[in-house]
K.L.:
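Structure in structure tokens, see below.
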Amino acid sequence: ELARIRLGASPDRVREIDAALRLSNDLLRAKQLEDGQNHVDALQIYRKYADQTPALREARRPSITRCQVAIDHDSRK
């Protein structure tokens, strides 16, 4: 949907749409990594956005906590 809207958008709007698409794709990738037990790489993506965007900090907190717990658990094996 965003890709289609991008076609007729102004340059400023295109930058906003591109940022939204990057965010969406990165968070999808982080979830896939987390589901595949690659918690370190997933955590890196989640933290990147949590650090950059205060509004996302709270939204990503459960994901970050899950990854940290999984990493801690794996390191004790």
Side-chain angles (χ1 to χ4, degrees):
E1 184 70 22
L2 284 176
R4 187 172 48 92
I5 293 170
R6 187 183 185 281
L7 293 175
S10 70
D12 287 341
R13 187 76 173 134
V14 167
R15 282 190 291 279
E16 291 172 355
I17 292 167
D18 287 349
L21 286 169
R22 260 190 318 278
L23 169 65
S24 177
N25 288 333
D26 285 351
L27 292 178
L28 174 61
R29 179 71 180 134
K31 179 65 174 136
Q32 291 168 337
L33 289 166
E34 185 180 353
D35 291 346
Q37 307 299 305
N38 189 343
H39 299 104
V40 172
D41 289 342
L43 182 58
Q44 184 178 7
I45 294 169
Y46 290 140
R47 280 188 173 155
K48 170 185 167 184
Y49 285 103
D51 292 345
Q52 288 179 0
T53 312
L56 286 176
R57 190 170 297 130
E58 285 302 311
R60 296 287 36 110
R61 187 179 308 271
S63 304
I64 290 169
T65 300
R66 273 194 315 272
C67 288
Q68 287 175 327
V69 167
I71 291 167
D72 291 345
H73 180 265
D74 290 346
S75 70
R76 292 187 197 134
K77 287 183 179 179

K.L.:
Could you give all pairs that pass the side chain to side chain donor-acceptor pair (under 3.5 Å) test and reach residues 8-18, with sequence neighbours left out?
P.N.:
R6-D18, D12-R15, R13-E16
K.L.:
Check side-chain hydrogen bond (donor to acceptor under 3.5 Å, both in side chains) between E58 and all other residues, then give those that pass, not counting sequence neighbours.
P.N.:
R61
K.L.:
Cluster partners of L7, using ILVMFWY side-chain heavy atoms under 4.5 angstrom, listed by chain and number?
P.N.:
none
K.L.:
Roughly how far, to the nearest 0.5 Å, is the CZ atom of R29 from the CG atom of L33?
P.N.:
4.0 Å
K.L.:
Treat each ILVMFWY residue as a node, draw an edge where side-chain heavy atoms are under 4.5 Å apart, and state whether Y46 and I71 are in one component.
P.N.:
yes
K.L.:
Residues in salt bridge (charged side-chain N to carboxylate O under 4.0 Å, His left out) with R4, at least two apart?
P.N.:
E1
K.L.:
Please say yes or no: joined through hydrophobic side-chain contacts below 4.5 Å, possibly via intermediate residues, are V40 and L43 part of one cluster?
P.N.:
yes
K.L.:
Rounded at 0.5 Å granularity, tell me how far CD in Q52 sits from CZ in R57.
P.N.:
10.5 Å
K.L.:
Report the distance from atom CD1 of I64 to atom CG of D51, rounding to the nearest 0.5 Å.
P.N.:
7.5 Å
K.L.:
Does Q44 have more than 12 heavy atoms from other residues, nucleotides or ligands lying within 6.0 Å of its CD?
P.N.:
no
K.L.:
My understanding is that only residues two or more places apart in sequence, or in another chain, count here; which of them pass side-chain hydrogen bond (donor to acceptor under 3.5 Å, both in side chains) with R60?
P.N.:
S63
K.L.:
Please tabulate, for side-chain N and O atoms in residues 21-28, each donor-acceptor pair with protein atoms closer than 3.5 Å (sequence neighbours left out).
P.N.:
unit_1: N25; atom_1: ND2; unit_2: L21; atom_2: O; d: 3.2
unit_1: D26; atom_1: OD2; unit_2: Y49; atom_2: OH; d: 2.4

K.L.:
What is the minimum heavy-atom distance between E34 and H39, and which atoms define it?
P.N.:
O-NE2, 3.7 Å
K.L.:
Testing the basics here: between A30 and A42, what is the closest heavy-atom pair and its distance to 0.1 Å?
P.N.:
O-CB, 3.4 Å
